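Order of appearance sets the numbers: ligands from 1, and atoms from 1 within every ligand. In this text the structure is predicted, and so the values were computed from the model without any measurement. Side-chain atoms are counted along with the backbone in the values below, which use heavy atoms only and exclude waters and symmetry mates.
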Amino acid sequence: MSVVESLNSDAKYELHRNVANFQPSLWGNYFLQYASECMEVDENIKAQIEALKCDMRKMLISESEKPLEKVHLIDSICRLGVSYYFEDEIEEILQNIYKNNVEDGEITFNDNLCSLSVLFRLLRQQGHHVSPNVFNKFKNEKGEFSEGLIKDVKGMLSLYEATQLMVHGEDILEKALAFTKTHLEFIAIQSSHSLAMQIKYSLRQTLHKNLPRLEALRFISIYEHDPSNNKTLLVLAKLDFNMLQNLHQKEIGNICKWWNNLDVPNKLPYARDRMAESYLWAMGIYFEPQYSTARIIMTKIFVIFTVVDDTYDAYGTIDELELFTKTIERWDICGLDNLPDYMKFLYRILFDLNKEIEEEAIKKGIVYALNYYKNECIRHIQAYMAEARWLNNNYQPTLEEYNRLSTISSGYCLVINTCYIGMGDIATEDIFKWLSNKPKVIDAAIVLCRLMDDIVSNEFEQKRDHVSSFLECYMRQYNVSREGAVQEGQKRIADAWKDMNKESLMPTDVPRPFLTRILNLSRFMDVVYKDKDNFTHSEGEMKTFIKALLLDPMKI
Ligand SMILES: CC(C)=CCC/C(C)=C/CC/C(C)=C/COP(=O)(O)OP(=O)(O)O
């Protein structure tokens, strides 16, 4: 009997199963057309990009430009998505500015609000300690930001973007945020020029919290219409966008082929089929060409764990789940006999993925990572199991119990662990040790993920039997309304961003590329889980993102 037949005929179990009625995939076989054995970039495009990179590098290191002009150039390079080509040059230029124009953390440049805000943002982004006191000069005698600034729309927008890098206790930035936000909201309604469009976009999606590919896509179209743009940079950004898109298409094409061969949507129809959405998640973590294999593995992690999550959260009966958990704990392909067919099928997929990760770790010479991976995987599944028991026993956890368990069941530690394996041998054993000790930056990213997911998916999840989320636990414990619990959740999310910003300042615990992955994972949450779970309900914004990044080429 096939897995599907056994599922359909299993009427006895159907009575106890909890089905979520997820929408089917929007994409089906669509990406299969891009599957390819050849992952090489067209030689001609490669040569054009190399020549443009060379010209840009010369411009960046030339002595003739004034420091703040270079800062604006660096900002454009970052926003256009090509800063990964010039990391050393950017670091050196900002380091020199920090050495020459910052004293005891105070920026000594005297310039306009826009330039100072961009400089502040870039220095912080690079991990430099700079004081927000530089913005004091824009305050009046009463110590408030002066109303005269409202006319400087570009400056206001830049200051608003700069405030996103704030850490705890920065009153000036808190005030700057409130001031710019209030006035920008008003300006956006009043004016109709293109700046108003930018303001509206930023009010919804700030630069610091945006996914680099989405920002590149948007900023290329803004930069194109800027009369003072740098043509070399613009062409480089466009060619690079298409070159990356081409590579990403081949990757998702190959993943689509693998997914189709597995036939999961037909065999496990109760679960979400989110292959394309999972690829976008992986691409959000790292988009650069050198992470091609890492993206493929991460996509598999997301798409498979979505099915595992739906098995524990909805479809599996408690007895089946206990058996499945024990099988995972054994970490072995033997002894599947007791499992129902659909779980045997799921277990084999998971087992094959574990093997693929193992092979990758061996190839990259980082075998030490595997024990950490295995431990996180088991811990994650055990947390799913504990939640399933809560639900089965109708147990209502306290907020503390919920927080403890849900941060593990979020799967974030497993995700970060695997994403570091994809980075190859720069991920030393110390990195995995650091990760397993739950440093503050990881804690913050997990809290942010858990709360953003809980706030937006709560209503849909509570339509079926589902374990309590942060909102129910908080409402029960503090006897507050849903709005009160949402507000508390949002405050904790804002605090988590401040923690992440603080932990990204020098000296950092680990090299910056590892922190960038955490930042990108948090950015994905900000983009995809802002006011709806766009991963699960993927017909709206998520579809637009996938189409814009993976289907539509940039006009050169
Ligand atoms: C947002 C999040 C928890 C991400 C962690 C990373 C991860 C393991 C992603 C795999 C896909 C997944 C389970 C998404 C959340 O579904 P869900 O909203 O049904 O998760 P839940 O059952 O934990 O609420």
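Considering backbone and side-chain atoms together, Asp453 places an N or O closer than 3.5 Å to an N or O of ligand 1. Of the polar atoms of Asp309, at least one N or O is found under 3.5 Å from an N or O of ligand 1, judged by distance alone.
In this pair, Tyr286 and Tyr291 present their aromatic rings parallel. The plane angle is below 30°, not in the 30 to 60° band.
Contact annotation: Arg450 has at least one heavy atom less than 4.0 Å from an atom of ligand 1. In this structure, Tyr312 does not count as a contact residue of ligand 1, since none of its heavy atoms falls inside 4.0 Å of the ligand. Residue Arg272 places a heavy atom under 4.0 Å from ligand 1.
Judged by distance alone, the side chains of Asp352 and Tyr347 never bring a donor and an acceptor atom under 3.5 Å apart.
Ring-centre distance between Phe305 and His380: below the 6.0 Å cut-off. Phe302 has its ring centre no less than 6.0 Å from the ring centre of Phe535. Phe432 and Tyr373 have their aromatic ring centers separated by at least 6.0 angstrom.
At a heavy-atom cutoff of 4.0 Å, ligand 1 is contacted by the side chain of Cys449 but not by its backbone.
For atom 7 (C) of ligand 1, the nearest non-hydrogen atom from the set Ser410, Gly411, Ala383, Cys413 comes from Ser410.
Within the structure, every pair that satisfies the salt bridge (charged side-chain N to carboxylate O under 4.0 Å, His left out) test and touches residues 275-302, not counting sequence neighbours, is listed here: Glu251-Arg295, Lys300-Glu356.
Counting the atoms of ligand 1 from 1 in the order shown, those under 4.0 Å from a heavy atom of Asp313 are 22 (O). Those atoms of ligand 1 that come under 4.0 Å of a heavy atom in Phe302, given as number and element, are 9 (C), 10 (C), 11 (C).
One finds a salt bridge joining Lys438 and Glu376 here, because a Lys/Arg side-chain nitrogen approaches an Asp/Glu carboxylate oxygen to under 4.0 Å.
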